[in-house]
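Here the structure comes first, spelled out in structure tokens, and everything after it is commentary.
Bear in mind that the values here come from a model prediction, so they are computed numbers and not experimental data. Below, chains carry the letters A, B, ... as their sequence lines are ordered, and counting in each starts from 1.
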Amino acid sequence: MSDTTLAKGYEPVDVEARWLSFWAESGAGTADPDADGDPFSIVIPPPNVTGTLHMGHALNLTVQDILCRHMRQLGRKVLWVPGTDHAGIATQNVVERALAKEGSSRHELGREAFIERVWEWRKEYGGKILNQIRRMGASVDWTRERFTMDEGLSKAVREVFVRLYEEGLIYKGDYIINWCPRCQTALADLEVEHSPKKGALYQLRYVLADGSGELIVATTRPETLLGDTAVAVHPEDERYAAFVGKMVKLPLVGREIPVIADAYVDREFGTGALKVTPAHDMNDFDLGRRHNLEILQVMDGEGNMNAAAGAAYQGLSREACRKKVVEDLKEQGLLVSVEEHDHSVGECYRCKTVVEPHVSPQWFVKAGPLAEVARAAVETGRTQIYPEQWTTTYYHWLDNIRDWCISRQIWWGHRIPAWTCQACGKLIVARQDPAACDCGGALQQDPDVLDTWFSSALWPFSTLGWPDKTPELKAFYPTSVLVTAFDILFFWVARMMMMGLHFMDEVPFRHVYIHALVRDAEGKKMSKSTGNVIDPLIMIDKFGTDALRFTLTAFAAMGRDIKLSEERIEGYRHFVNKLWNAARFSLMNLPQELPGVPLDGELPLHHAWILHRLEEMKQATSAAIQDYRFNEAAQGLYSFLWLEFCDWYLEAAKSDLSGEDEAAKAQAQQCLWTVLSELLVLLHPIMPFVTQEIWSHLPGHAQKDISKVPYPAARPQHVKPQAVAMMSLLQEVVVSVRNIRSELSISPALKLDCLVRTADPADLAMLRDNERLITLLARLGSFTAGPDVTAPKASASAAAGGNAVFVPLAGAVDFDAELARLNKELAKTAKEAEIVARKLANEDFTAKAPAEVVAKEREKDEMLRGKVAKLEELKGRIETLKS
RNA sequence: AGGACCGUAGCUCAGGGGGAGAGCACUUGCUUGACACGCAAGGGGUCAGGAGUUCAAAUCUCCUCGGUCCUACCA
């Protein structure tokens, strides 16, 4: 497989396809519960089966994959469970739309045939998203893929439902819930989205039945007056004290309803008198229960007025009814005023229809006791949330939690395991479908299904086989970390916490990592309707998976949203290509058989320096990934590869690789191979494909699958911080020559000479040792360093540290240009020197600041003084020459 | 109403008590033996504003202004 030539540019398409099938065949992600090593496990946030991959998924998958791949490198036993969610309402809507196109409907098909149809749909489209997960390079365990409607997971759902019912934590009752008249189903509070709407505030006249006065009430929904069963005022409101206990005549209807007193009423709002419609308003419902008011429904499930609304209004839609009611009131002189009023209106999160509060028999989970435990688990640190700021949000939601409505009047989902006896009316909740009631009566199963999030809440343990006692459950629960975006913190994370703690007696995950939301370049949330979606697959086809993954990683700073644009991904493709070309160059200079030179003892500066920096990168990269600082890992590797490895090390190594010194050449090959190999392993979790492709061409590796290569061990003998200081002096000398060349417009082709005068023995030794290197990097004809180097008359000069750098110029020197150049550098350096000097002059600083800070400042002071002095001297020299 | 986050180079953003950074864009010069998806050298900042804590503040605290988002309520 080893091959020393690579194509000139990196072409991701073939490479990715090749390694995807390689990893699929080798079962790269397959976990072994009995293997050695500390377990590390993640369950994927299951995307909707019928959905397609969006950028949020792409980021989510990238983060999880980096963690999993890195943990494998560290020798952990890793399980990453993939899967999908049945997304009840959303999926049912999609299939219903398809049916509508065919001129059919679910009612025409009937329940069983419809469900059959959804399964077919799932079979056809459910594979799409899984394939997209594959394309992202996600190293999940495909042998353990799950779907929320699988047999095993359905069993878990039923077990949980029955147990919660037996424990009194699930109950059924007639309550007011959010109802979507279009989807024809109940919605949980969370599934209602509020958006501000322009509306009107109507003031209506309610006349006392005994004719002794009138009350003006304010309302935004005049049509609901048909269902009013009281008028409420604040008990301490003097304006209305006399009215309490009396009856008023309901306008248009004529029914007499009581005036009640309740502290809920806000005296400041409107007129301070509130019409009470228990059947059609959440707060009125509570009010009605407190005062034993009749619950009068005047609307049906489709949002149309029913018989109870009266003959004049029956059959009208809620919108039409409002118009007619207002007209009728106006006619009768009962409409006092109409003013504009902005308020927020609840909409169905799936279809955006205005939600109608609706009283109906529903199933609820008593959330309080579960929430308390879920809160405590985070408080005591059993589960940690990253970034930490989200814990406040998590607490706040749990502290104000209301019972969770879990029944949905749709067909696609887990059917509620409850039966009512047609004979005696007994309610049976059971694990196994019962045949008949004890009384012998026939049973009818509850037609409703469960909220999709009910099954999602069990995901961390249901996917591992619960309620059976499986090896997976034993080895991998609790999972290590949950990776998700904040928008499902309540929907999903909090509920998994509740269920996991209740049924497993242990948190579902040790950590929760909340990552960014991916937005468009303007910071708007990407959505199909706005048309600002960037399709990850199109980006993958265009720039490659690695470029996309690296982009997302580099921008994935904790607690921040990502503004993504195509140009950015394109930019990181250049980085992938840079790596490719660095490898290409390396391979051109590496033999098939590694020389096997040991890299110890005193090494030439550039080798010692890059090996030291590599040690730092190894330490920093792993630490950053384990702390969820993915952007730091990516940015560190980016600048190491580009600005250090490519710009300096490879250039420096050219002097060895193309030279005649065979020993130096062999040593350089060994060092280059070592750094490149380990760098590939470091980059692999972020960019699996390109690193694998290069790896497969590199000689000397028995393990051809880079995903199986352990993280490189630390080499303490290569930690040499002095090498960094020496290398930066070398760089400073080289840069100063390049600067002279550039600013004095000297052709790059022209070889210059360079002389350095230095009083420092260590600097001198280094400069002399690296003559060949400096000559190459600065494109010199000759290089001389010494303690008493004299400056040729016609020469440009610069300061490198406290050393003088001279570049003799063949022709006439432009003294003015040279002076300007030196002055610029002097001004910059003098400014820095002054800041440091001022600091050191401050006695408080030298007395109170930590010793190492003061020492560092003194060192800096010395260096800057030296440089300033040198620049002044050089400047003086030019001035003398000029005159 | 309550809460969270953000304001740093033209743009997008890192950093988070001790030398103001990156990418892109910009200027200049380059067929330098992997790379023009490139190389080299540059220009560019009141770290939103104000006050405080500190020997030292872009960084911590408070206030003001501007922006984003979440939760709740809105008869």
Side-chain angles (χ1 to χ4, degrees), chain A residues 6 8-10 189 194 196 199 201-203 217-221 224 231-232 264-266 269-277 281-284 287 341-345 387 389-390 392-393 396-397 400 486-487 489-490 517 519 521 523 525 543 547 554-555 557 559-565 567-568 570-589 631-632 635 638-639 643 646-647 650-651 654 657-658 735 738-743 745-749 776 779 824 832 835-836 839 842-850 852-854 856-857 860 864:
Chain A
L6 293 181
K8 195 172 169 186
Y10 175 61
D189 296 336
H194 294 270
L201 188 64
Y202 303 84
Q203 295 205 353
V217 302
T219 181
T220 53
R221 301 196 60 195
T224 63
V231 168
Y264 164 74
V265 179
D266 178 358
F269 191 93
T271 59
L274 165 72
K275 61 189 267 319
V276 184
T277 324
D281 182 281
M282 297 280 180
N283 294 305
D284 292 6
L287 208 55
H341 180 67
D342 295 340
H343 60 150
S344 74
V345 175
Q389 76 223 28
W390 289 107
T392 334
T393 313
H396 183 259
W397 189 71
N400 296 289
F486 74 85
D487 52 348
L489 184 62
F490 307 136
L517 229 49
R519 299 172 181 278
K525 211 167 166 174
F543 305 117
F555 282 99
R560 266 252 207 193
D561 286 350
I562 299 178
K563 285 190 210 167
L564 193 71
S565 67
E567 293 80 69
R568 238 159 259 180
E570 191 178 2
Y572 281 102
R573 181 186 53 167
H574 299 172
F575 175 68
V576 179
N577 194 55
K578 188 73 182 176
L579 170 64
W580 179 258
N581 274 288
R584 181 166 180 254
F585 169 79
S586 303
L587 285 166
M588 287 164 70
N589 287 284
N631 61 316
E632 289 181 36
Q635 281 159 7
Y638 184 101
S639 43
L643 305 178
C646 290
D647 287 354
L650 287 186
E651 292 305 321
K654 282 176 183 172
L657 295 167
S658 62
V735 168
R738 286 174 179 171
N739 177 273
I740 287 167
R741 188 190 290 276
S742 175
E743 300 214 351
S745 300
I746 299 164
S747 156
L776 179 90
R779 304 182 65 75
K824 193 173 84 181
E832 279 177 49
I835 291 168
V836 176
K839 208 182 254 189
N842 183 346
E843 277 174 34
D844 280 330
F845 173 72
T846 46
K848 291 178 185 168
E852 69 262 26
V853 173
V854 178
K856 206 174 143 196
E857 290 300 307
K860 203 155 68 184
L864 288 169

request  = Could you tell me the separation between the CD1 atom of A:I835 and the C1' atom of B:G19, rounded to a whole number of Å?
outcome  = 8 Å
query = Roughly how far apart, to the nearest Å, are B:C30 and B:C35 at atom C1'?
reply = 15 Å
query = When you compare B:C63 with B:A22, how far apart are their C1' atoms, in angstrom units rounded to a whole number?
reply = 33 Å
ask   = Taking the C1' atom of each, how far is B:A9 from B:A20, in whole Å?
value = 10 Å
key: Separation of the C1' atoms in B:G45 and B:C55, to the nearest angstrom   = 26 Å
message = Applying a 4.0 Å non-hydrogen cut-off, can you work out what A:F543 is touching in the nucleic acid: base, sugar-phosphate, or nothing?
response = nothing
Sugar-phosphate, base or nothing in reach of A:F490, heavy atoms under 4.0 Å = sugar-phosphate
remark   = The contact string for nucleotides 26-39 of chain B, one letter per nucleotide 5' to 3', using protein heavy atoms under 4.0 Å with B, S and - for base, sugar-phosphate only and none, comes out as ------B-BBSBSS
task = Determine the contact category for A:T392: base if any of its heavy atoms lies under 4.0 Å from a base atom, sugar-phosphate if only primed atoms, P, OP1 or OP2 are that close, otherwise nothing.
result = nothing
ask   = How far does the C1' atom of B:U8 sit from the matching atom of B:G21, given to the nearest Å?
value = 10 Å
ask   = How would you label the contact of A:K860 with the nucleic acid (heavy atoms, under 4.0 Å): base, sugar-phosphate, or nothing?
value = base
ask   = OP1, OP2 of B:G19 versus side-chain N and O of A:K839: anything below 4.0 Å?
value = yes
message = Can you list everything that forms a side chain to side chain contact (heavy atoms under 4.5 Å, CB included) with A:F269? Sequence neighbours excluded, please.
response = A:L201, A:D266, A:H341
request  = Report the residues that fulfil side chain to side chain contact (heavy atoms under 4.5 Å, CB included) with A:D844, sequence neighbours left out, ordered by chain and then residue number.
outcome  = A:N842, A:K848
key: Pair pattern of RNA chain B in dot-bracket, where unpaired bases get dots and | marks partners in another strand, Watson-Crick or G-U under 3.5 angstrom   = (((((((..((((....[..)))).(((((.......))))).....(((((..]....))))))))))))....
message = For the P atoms, the ones on B:G43 and on B:G49, what distance do you get once it is rounded to whole angstrom?
response = 24 Å
task = Decide whether a cation-pi geometry holds between A:K654 and A:F585; the criteria are a distance under 6.0 Å from NZ or CZ to the six-membered ring centre and an angle within 45° of the ring axis.
result = yes
Atom-pair distance (CG on A:D487; C1' on B:U68), nearest Å = 15 Å
Partner residues of A:K824 under the salt bridge (charged side-chain N to carboxylate O under 4.0 Å, His left out) criterion, sequence neighbours left out = A:E743
query = Rounding to the closest angstrom, what is the interatomic distance between B:U54 and B:G18 at atom C1'?
reply = 12 Å
query = Say you pick atom P in B:U46 and the same atom in B:A41; how far apart are they, in whole Å?
reply = 26 Å
query = Reckon A:V836 touches a base, only the sugar-phosphate, or nothing at all at heavy-atom distances under 4.0 Å?
reply = nothing
ask   = From B:G18, B:G15, B:U12, pick the nucleotide closest to the side chain of A:E857?
value = B:G18
task = List for me each residue that meets side chain to side chain contact (heavy atoms under 4.5 Å, CB included) alongside A:F486, sequence neighbours excluded, and say none if there are none.
result = A:W390, A:I514, A:L517
